[in-house]
Visitor: 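Can you keep this structure in mind? I'll have questions shortly.
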Amino acid sequence: MSDNRPDDRSHRRGENGRSIPTDRESPVGAPVIRGDESVAGTRAREAVQFDPDDPESLADAAETVRQFAAGNTNDDHLYMLRGAAACAALVRGEGSYKAAAKRAGGDATVSFIRKWARVHDLPRSVRKQVAIGQIAPTAAKHIARVGGEARLLLAWATLDGNLTVRDVRSVASAINDGTSIDQALAKHDVILGQLELSLSSTTYRDLRRRASTEGVEPGEIVTDALKQYFE
């Protein structure tokens, strides 16, 4: 893999032809999640933006990466997202992972910076789950190793299948080795796309009645309805 970071953003076409972003679309270093009060509460005011084109901001990013690599996180999910943002900005500002590691110094290795910069590149919907503690930052590192739509599917399967960090690492490795995500998840007793929903009694009654009348599974009706909803 090249040390240079790509500028393009990964997208995949959904069944309805819409473009589905599988990487973040906001600027590198922008505190989109960390600055969201609905997620971070009052700490949103403390969110730091790292500008890779600003020498002073880049110096702050280097210091943040150095401290982050030294383990000064206290398992704080928001701080870890800040560290990931600093890694991404430092790489963009310095031009390569190698140069970023040299600038940060300390325990900041190329591998460390690459992994966390990838976390910063995850789409907003996934980073939000990291910020609120539903997806562990260490699990997010492995989700970020997977490309395209599979990274989104793995993120949601992590939640719905209660996958451990070790499980996520194993699934990510299998996918990158060429195994389909369905097969990789099945080895951990997770069926892709299966989740439990709570419906009102009225909706549940009508869904079951319609499914019985049409001779289909309730999931088929829900899937068709959601396809129309997302169009």
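Bear in mind the structure is a predicted one, so any value in this text is a computation, not a measurement.
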Visitor: Taking the side chain as every heavy atom from C-beta outward, state whether Q49 and S57 have any atom pair closer than 4.5 Å.
Guide: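 They are not in contact (no side-chain heavy atoms under 4.5 Å apart), so the answer is no.
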Visitor: Working to the nearest 0.5 angstrom, can you tell me the gap between R208 CZ and I221 CD1?
Guide: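 Spacing of CZ (R208) from CD1 (I221) equals 9.5 Å.
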Visitor: Return the set of residues passing side-chain hydrogen bond (donor to acceptor under 3.5 Å, both in side chains) with S111 (not counting sequence neighbours), or none when no residue passes.
Guide: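 By the side-chain hydrogen bond (donor to acceptor under 3.5 Å, both in side chains) rule, S111 matches no residue at all.
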Visitor: Look at the side chain of T158 and the backbone N and O of L154, then say whether any donor-acceptor pair between them is shorter than 3.5 Å.
Guide: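 Yes, because the side chain of T158 sits within donor-acceptor range (under 3.5 Å) of the backbone of L154.
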Visitor: If you compare all heavy atoms of Y97 against all heavy atoms of V110, which two are closest, and at what distance to 0.1 Å?
Guide: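 Minimum heavy-atom separation between Y97 and V110: CB-CG1, 3.7 Å.
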Visitor: Rounded to the nearest 0.5 Å, what's the gap from CG on L185 to CG on L163? Could you check?
Guide: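 Interatomic distance, L185 CG to L163 CG, rounded to 0.5 Å: 6.5 Å.
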Visitor: Determine whether a donor-acceptor pair (N or O, by modelled atom type, separation under 3.5 Å) exists between the side chain of D167 and the backbone of T164.
Guide: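 Yes; judged by distance alone, with no hydrogens or angles, the pair exists.
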Visitor: Are S125 and W156 close enough that some pair of their side-chain heavy atoms sits under 4.5 Å apart?
Guide: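 S125 vs W156: side chains touch.
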Visitor: More than 12 non-hydrogen atoms from neighbouring residues, nucleotides or ligands closer than 6.0 Å to CD on E214, yes or no?
Guide: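 Yes.
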Visitor: For the residue pair A104 and L90, what are the closest heavy atoms and their distance?
Guide: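 Answer, listing the atom of A104 first, then L90: CB-CD2, 3.9 Å.
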Visitor: Show me the side-chain donor-acceptor pairs of residues 171-180 shorter than 3.5 Å, one per line, residues at least two apart or across chains.
Guide:
from	atom 1	to	atom 2	distance (Å)
S173	OG	R145	NH2	2.9
S173	OG	R169	O	3.0
N176	ND2	R145	O	3.4
N176	ND2	A172	O	3.4
T179	OG1	A174	O	3.4
S180	OG	Q183	N	3.2
S180	OG	Q183	OE1	3.4

Visitor: Enter the distance from R114:CZ to C87:SG here, rounded to the nearest 0.5 Å.
Guide: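 Reported value, rounded in 0.5 Å steps: 12.0 Å.
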Visitor: If hydrophobic clusters are built from ILVMFWY residues whose side chains come within less than 4.5 Å, do V165 and I132 share one?
Guide: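 No, V165 does not connect to I132 through the hydrophobic network.
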Visitor: Between Y204 and P218, is any pair of side-chain heavy atoms under 4.5 Å apart?
Guide: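 SC-SC contact between Y204 and P218 ruled out.
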Visitor: Specify the closest pair of heavy atoms between L152 and P123, including all atoms of both residues, with the distance to one decimal.
Guide: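 Distance-wise, the nearest heavy atoms are CD2-CG, 3.5 Å.
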Visitor: Taking the side chain as C-beta and beyond, is there a heavy-atom pair between L192 and I181 under 4.5 Å?
Guide: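 Of all side-chain heavy-atom pairs linking I181 with L192, at least one is under 4.5 Å.
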Visitor: Give me each pair satisfying salt bridge (Lys or Arg N to Asp or Glu O under 4.0 Å) with a member in residues 65-74, each pair once, sequence neighbours excluded.
Guide: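 Every pair satisfying salt bridge (Lys or Arg N to Asp or Glu O under 4.0 Å) with a residue in residues 65-74: E63-R66.
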Visitor: Looking at every heavy atom in both G83 and F68, which two are closest together, and how far apart are they?
Guide: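 Closest approach of G83 to F68, heavy atoms only: CA-CD2, 3.6 Å.
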Visitor: Tell me the closest heavy-atom pair linking A89 and L58, and the distance in Å.
Guide: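 Closest approach of A89 to L58: O-CD1, 3.6 Å.
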Visitor: Begin from the C-alpha positions of V130 and V119 and carry the test side chain to side chain contact (heavy atoms under 4.5 Å, CB included) through to its verdict.
Guide: CA-CA 10 Å; V130 175; V119 169; 5.6 Å; no
Visitor: Under the side-chain hydrogen bond (donor to acceptor under 3.5 Å, both in side chains) rule, collect the residues that match up with S170, sequence neighbours excluded.
Guide: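 If we apply the side-chain hydrogen bond (donor to acceptor under 3.5 Å, both in side chains) test to S170, skipping adjacent residues, the hits are H188.
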Visitor: Which heavy-atom pair separates H142 from T138 by the least distance, and what is that distance?
Guide: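 The answer is CD2-O, 3.2 Å.
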Visitor: If you draw a 6.0 Å radius around CD1 in I191, do more than 12 non-hydrogen atoms from other residues or ligands fall strictly inside?
Guide: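 Counting neighbours around CD1 of I191, 12 or fewer heavy atoms of other residues, nucleotides or ligands fall under 6.0 Å, so no.
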Visitor: Taking only residues at least two apart or on different chains, which pairs with a member in residues 102-113 satisfy salt bridge (Lys or Arg N to Asp or Glu O under 4.0 Å)?
Guide: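 For residues 102-113, and leaving out neighbouring residues, the salt bridge (Lys or Arg N to Asp or Glu O under 4.0 Å) pairs sorted by first residue read E94-R103.
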Visitor: Mind checking the CG-CG spacing from L207 to L197? Nearest 0.5 Å is all I need.
Guide: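 Going from the CG atom of L207 to the CG atom of L197 covers 9.5 Å.
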Visitor: Among residues at least two apart in sequence or on other chains, which ones pass salt bridge (charged side-chain N to carboxylate O under 4.0 Å, His left out) with D206?
Guide: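 Salt bridge (charged side-chain N to carboxylate O under 4.0 Å, His left out) check on D206 returns R209.
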Visitor: May I ask you to test the T64-F50 pair for a side-chain heavy-atom distance under 4.5 Å?
Guide: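 Contact flag for T64/F50 side chains = yes.
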